[in-house]
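The structure appears below as structure tokens.
One-based numbering along the sequence shown.
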Amino acid sequence: MIRVNLTQRIWLAFSSLIFLVGLSIIIIYPISIKGTMTEETYRMIELAQARQVNPLIDYMNPPRNDVDFRERQEADTFVYHFQINSSLGESAYGDVPQPTEVLHEMAQKAFNQEQSRGRYELSYNGATIFYVVTKFNSFGREGYLISYMWDTYRDSMVNRLWERLLYILLLSSALSLLPAIWLKHYLRQPLILLGNRLEQIADRNWKEPFKWEGDEDFQKLSNQFERMRQNLVRYDQSQKTFIQHASHELKTPIMVIKSYAQSVKDGILPKDSIEKTMDVISEEANRMERRVIDMLYYTKLDSIKEERVEHSVFLFGKVAFTIEERFRMQREDVKIIVEGADKKIFGDEEQIEVLLENLIENALRYAKDTIWIRATEDADLLKISVENNGKPIPDADLPQLFNPFYKGNKGKFGLGLAIVKQIAELHQGEAIVENTGQGVKFTISIPAVKEEKEKKQKKRRDRKVTNGEGVQKRLK
């Protein structure tokens, strides 16, 4: 496939348009204009014939304009008249056509004509004659006035119209170059500017803002680009903060582990016994492992977006009580209350468990003395909320809490809530946070379990059980 740039595309579009217009004219024009000019020819013949019958018609009906006056002059010049009686035995008189066969054919048409006036045409030696036959009665005898015109006038008119149309087409083509040139410059300027900014971003230089004022569409594009640039700036700053915090978080346990290991090697026990010393090393290793697991899990969720996850139906209480038991002893002064344990969830059980774990771990850092874990149904949505009665979150921090690497007050690593948001999106839901009258509330809204899903899930489980029993029977 041939690649063309924007300028070539514009020229190609205008050239194609001109070509299609010209082709349409060449195909349609001869058909339409020839019929129109034939009709005009008959009209001129009838006009000249009417003036032949009644010379005073110009006084009774004077020309309306210059065009009408010229048409009457041309009718007098190109239209010929002659009369014949009802029998060929009598001679015709007037501008009788010279070829005898032409006269005979005209007369035959006249004799066979039933109406008072008729339009006809005949061909002779490659030319066409248009004629009008009008029946009249003079002193009790019938006669026929025949007015005719050769196709010379029609063809000359068609040729003149062709020439004018060709001039108009050439002039239109020349004038169309002006909007084409204007359009080329109009489109290239913002695109070149946008391309330069994209090159700057490719070089990781996104500090300078981008703003285009003018056309609404380009302005919308510049606003989208500016939003992307701001997101990149925030992401870059968050990533730098994350790297600094991650290196600090990982550096501290590594230093503790190294120093304690070196002390044990030197025969010095920082704690009272070898068991307590090894407990410190194990605790710091677990802390470091947790940070690494968060990073790996966040990366894993990115890859899961492109895969089809097999969801199942399970009770909210199954996961909630497990999490409550796991965190119960971390802060003995905080009470964890589970509500809505009988609500059903359609999703990935492991991911929902990680979601609740991160939300409760976050709530434990801020709660005063109570954490509520709830599951409620609202229309077609199942809402899972974790609320604590701690201090409210500053309004400036609320929109950014779910951004990766963003670490608020007392935050540990900046990935916990980002993981929560990704899990919610994997379940076709959303995550929101709000300050309430008694503290802070995180709510995850996902589609509620419908009866059809539950029935399909039950059939799938029954099928697996049946297949398992069949395999056991065959083995026996």
Side-chain angles (χ1 to χ4, degrees), residues 290 292-327 336-363 371-387 401-404 413-434 441-472:
R290 180 60 183 171
V292 174
I293 288 175
D294 282 347
M295 288 189 289
L296 293 177
Y297 194 80
Y298 184 77
T299 307
K300 176 185 175 183
L301 290 176
D302 273 336
S303 62
I304 289 178
K305 286 183 179 180
E306 303 175 1
E307 301 175 2
R308 186 174 181 179
V309 182
E310 189 68 27
H311 291 178
S312 61
V313 179
F314 57 92
L315 292 175
F316 173 69
K318 179 182 177 183
V319 178
F321 285 120
T322 302
I323 300 296
E324 185 270 338
E325 185 177 356
R326 185 181 305 165
F327 286 96
I336 301 178
I337 301 173
V338 176
E339 299 176 359
D342 59 336
K343 300 299 182 183
K344 295 177 181 179
I345 301 176
F346 180 72
D348 186 290
E349 188 172 343
E350 179 188 348
Q351 291 181 12
I352 296 297
E353 186 176 341
V354 172
L355 180 145
L356 282 174
E357 184 179 325
N358 282 319
L359 287 177
I360 295 173
E361 185 179 5
N362 178 78
I371 295 175
W372 294 270
I373 310 174
R374 299 188 184 95
T376 57
E377 289 188 4
D378 182 9
D380 293 334
L381 293 177
L382 176 70
K383 296 187 175 181
I384 302 172
S385 63
V386 175
E387 184 177 1
L401 283 182
F402 293 105
N403 293 340
F413 208 50
L415 279 180
L417 294 179
I419 291 174
V420 168
K421 180 183 178 182
Q422 279 205 351
I423 293 176
E425 291 174 351
L426 285 173
H427 287 75
Q428 289 79 48
E430 63 174 352
I432 61 173
V433 57
E434 58 184 330
K441 183 179 180 181
F442 288 84
T443 304
I444 311 300
S445 300
I446 62 175
V449 176
K450 295 184 179 180
E451 293 183 3
E452 292 81 2
K453 291 182 179 179
E454 191 172 2
K455 288 179 181 178
K456 289 180 180 179
Q457 187 68 22
K458 187 176 182 301
K459 288 180 180 179
R460 194 178 295 114
R461 288 197 301 266
D462 294 343
R463 196 180 301 117
K464 289 180 180 179
V465 172
T466 304
N467 293 338
E469 291 176 354
V471 171
Q472 290 177 1

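- Closest of all the heavy-atom pairs between Leu315 and Ala341 is CB-O, 4.0 Å.
- Atom CD in Glu425 sits 9.5 Å away from atom CD in Glu430 (nearest 0.5 Å).
- In terms of modelled atom types and a separation under 3.5 Å, the side chain of Asn358 and the main chain of Val354 share a donor-acceptor contact.
- Considering CG of Leu382 and CZ of Phe346, their distance stands at 12.5 Å, rounded to 0.5 Å.
- Across every non-hydrogen atom of Glu339 and Trp372, the tightest pair is OE2-CD1, 3.8 Å.
- Residues Ile423 and Gln351 share a closest heavy-atom pair of CD1-O, 3.3 Å.
- Note: Ile384 CD1 to Ile345 CD1 = 4.0 Å, rounded to the nearest 0.5 Å.
- In terms of modelled atom types and a separation under 3.5 Å, the side chain of His427 and the main chain of Asp348 share a donor-acceptor contact.
- Nearest heavy atom pair, residue Ser445 against residue Lys383, reads OG-CG, 3.6 Å.
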Mind listing the side-chain donor-acceptor pairs of residues 320-327 below 3.5 Å, one per line with the distance, residues two or more places apart or on another chain?
unit_1	atom_1	unit_2	atom_2	d
Thr322	OG1	Lys318	O	2.8
Glu324	OE1	Arg328	NH2	2.9
Glu324	OE2	Arg328	NE	3.1
Arg326	NH1	Glu357	OE1	2.8
Arg326	NH2	Glu353	OE2	2.7

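- Shortest non-hydrogen contact noted between Phe314 and Gly347 is CE2-O, 3.5 Å.
- Qualifying salt bridge (charged side-chain N to carboxylate O under 4.0 Å, His left out) partners for Asp380, counting only residues two or more places apart in sequence or in other chains: none.
- Contact record, Leu355 with Ile444: CD2-CG1, 3.9 Å, taken as the closest heavy-atom pair.
- Checked against Val433 for a side chain to side chain contact (heavy atoms under 4.5 Å, CB included), the options Leu401, Leu359, Asn362 give a single hit: Leu401.
- By the side-chain contact (heavy atoms from CB on, under 4.5 Å) test, Lys441 pairs with Ser385, Glu387, Glu434, Thr436, Thr443, sequence neighbours left out.
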